[in-house]
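I have placed the structure first, in the form of structure tokens, so that the comments after it can refer back to it.
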Amino acid sequence: MRIGVVTFPGSLDDIDAQRAVRIAGGEPVALWHGDHDLRGVDAVVLPGGFSYGDYLRCGAIARFAPVMTEVVAAAKGGLPVLGICNGFQILCESHLLPGALIRNDHRKFGCLDQVVRIENAETAWTTTYDAGQEITIVLKNGEGSFVADEHTLDLLEGEGRIVARYVGGNPNGSQRAIAGVTNEAGNVVGLMPHPEHAVEDLCGPGTDGLGFFSSALAALQRS
Amino acid sequence: MARVVVDVMPKPEILDPQGKAVQGALPRLGFQGVSEVRQGKRFELELEGDATEARLAQVHEMAATLLSNPVIEDYDVRVLSTEEDPSLG
């Protein structure tokens with residue numbers, strides 16, 4: 001199973017995401033922001049970082065990168081796509097996911113081990129977890145505060161599209177403590193914390209993050 | 001040649017941490033009586049030719065797709081008059 005990881009100018013976590021894919025048992029494939037080419041991958045990860053220097057708004061320029069034309073079209077066709085941190089911001093700017101991510105309410109960059117509760121264990125990226133399971137992964141962001149209008153928030157709650165929620169205090173002011181959301185079909189997931197930094201015992205807070213990658217691989221094996 | 005200004009502001013219901021930081025700094029500098037600060041962005045676009053209706057429609061499209069994120073921001077488009085910008089005269 002081949003999972004593509006896009007590198008934009010300013011991506012930071014693309015190599016870690018590739019490593020997480022490999023540790024989960026998949027084959028990582030490097031994708032380049034400037035190519036109109038997904039190289040036939042079975043799923044795509046948009047990694048964290050500061051694509052295009054976060055100029056204008058986080059993810060606003062990356063959204064128009066050539067590779068994103070392909071990602072958006074493929075995602076609408078059902079391709080599993082996971083956006084982590086900056087990748088989540090890009091998915092919101094692309095309108096593949098609702099809402100937006102603004103500066104943390106406390107205005108500081110946060111970097112910590114964060115407990116999140118998996119609320120929806122049926123997306124392409126969360127099936128190896130149990131609904132309600134609490135996991136510890138890494139949170140590191142300056143603009144991770146999830147916002148949407150009340151109607152959208154109610155819709156997300158009603159349709160079970162909140163994938164993960166912060167536990168033990170809200171680290172960035174996200175509305176309803178939202179750490180991640182999914183699209184209607186459940187193939188596109190945006191996540192502010194970083195599962196790819198929690199895939200090995202040697203570094204990071206454990207291996208709780210591995211499930212996102214093994215879920216995608218399991219979903220691909222079933223299809 | 002025409003100069004068009006696009007002002008982008010966070011929607012009123014969206015928290016503006018940057019504006020709050022600026023507001024917090026003002027009293028420390030001795031400036032009193034400012035009850036709120038909202039921070040936005042101003043884009044100045046220099047158009048080739050006149051600001052025709054068709055060109056302005058394009059500017060609105062730019063503002064809605066790239067310059068602002070309609071989920072969290074409002075934008076406003078206006079053409080700078082020659083009084084505001086003598087270099088255009």
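In the text below, chain A, chain B and the rest are named by the order of the sequence lines, each starting its count at 1.
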Side-chain donor/acceptor of [X] to backbone N/O of [Y], under 3.5 Å:
X      : Y      : answer
A/S215 : A/T128 : yes
A/D13  : A/A17  : no
A/R165 : A/A177 : no
A/S145 : A/N172 : yes
A/R117 : A/G132 : no
A/N170 : A/S174 : yes

* Among A/R103, A/H106, A/R57, which residue forms the greatest number of heavy-atom pairs with chain B at distances under 4.5 Å? -> A/R57

* Could you have a look at A/A60, A/P98, A/G99 and say which one has the most heavy-atom pairs with chain B under 4.5 angstrom? =>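 Winner by heavy-atom pair count: A/G99.
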
* Asked: Side chain, backbone, both or neither: which part of A/N104 has an atom under 4.5 Å from a heavy atom of chain B?
  -> backbone

* At a heavy-atom separation under 4.5 Å, does A/I102 approach chain B through its side chain, its backbone, both, or neither? -> side chain

* Using the side chain to side chain donor-acceptor pair (under 3.5 Å) rule, take A/D149 and A/T152 through it: C-alpha gap first, then chi angles, then the decisive distance, then the call. => CA-CA 5 Å; A/D149 60 60; A/T152 303; 2.9 Å; yes

* To do: Determine which residues belonging to residues 51-70 of chain B lie within contact range of chain A, meaning some heavy atom pair is under 4.5 Å apart, and list them by number or answer 'none'.
  =>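 The list, in residue order, reads B/T65, B/L66, B/L67, B/S68, B/N69.
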
* Asked: Among residues 16-24 of chain B, which ones touch chain A with a heavy-atom distance under 4.5 Å?
  ->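 Expected list: B/P17, B/Q18, B/K20, B/A21.
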
* Criterion side chain to side chain donor-acceptor pair (under 3.5 Å) on A/D113 and A/T136, from CA distance to verdict -> CA-CA 6 Å; A/D113 294 346; A/T136 303; over 6 Å; no

* To do: Could you tell me which portion of B/E13 (side chain, backbone, both or neither) has an atom closer than 4.5 angstrom to a non-hydrogen atom of chain A?
  =>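 Neither part; nothing is under 4.5 Å.
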
* Test ring-ring contact (aromatic ring centres under 6.0 Å, His included) on B/Y75 and B/F43 and set out the steps. => CA-CA 10 Å; B/Y75 71 86; B/F43 300 87; over 10 Å; no

* Tell me, with the steps shown, if A/E159 and A/R161 meet salt bridge (charged side-chain N to carboxylate O under 4.0 Å, His left out). => CA-CA 5 Å; A/E159 293 181 348; A/R161 287 168 56 191; 2.9 Å; yes

* Asked: Are more than 12 heavy atoms from other residues, nucleotides or ligands located less than 6.0 Å from atom CD of A/E122?
  ->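 Open: at most 12 neighbouring heavy atoms sit under 6.0 Å from CD of A/E122.
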
* Enclosure of B/E48 CD (heavy-atom neighbours >12, cutoff 6.0 Å) -> no

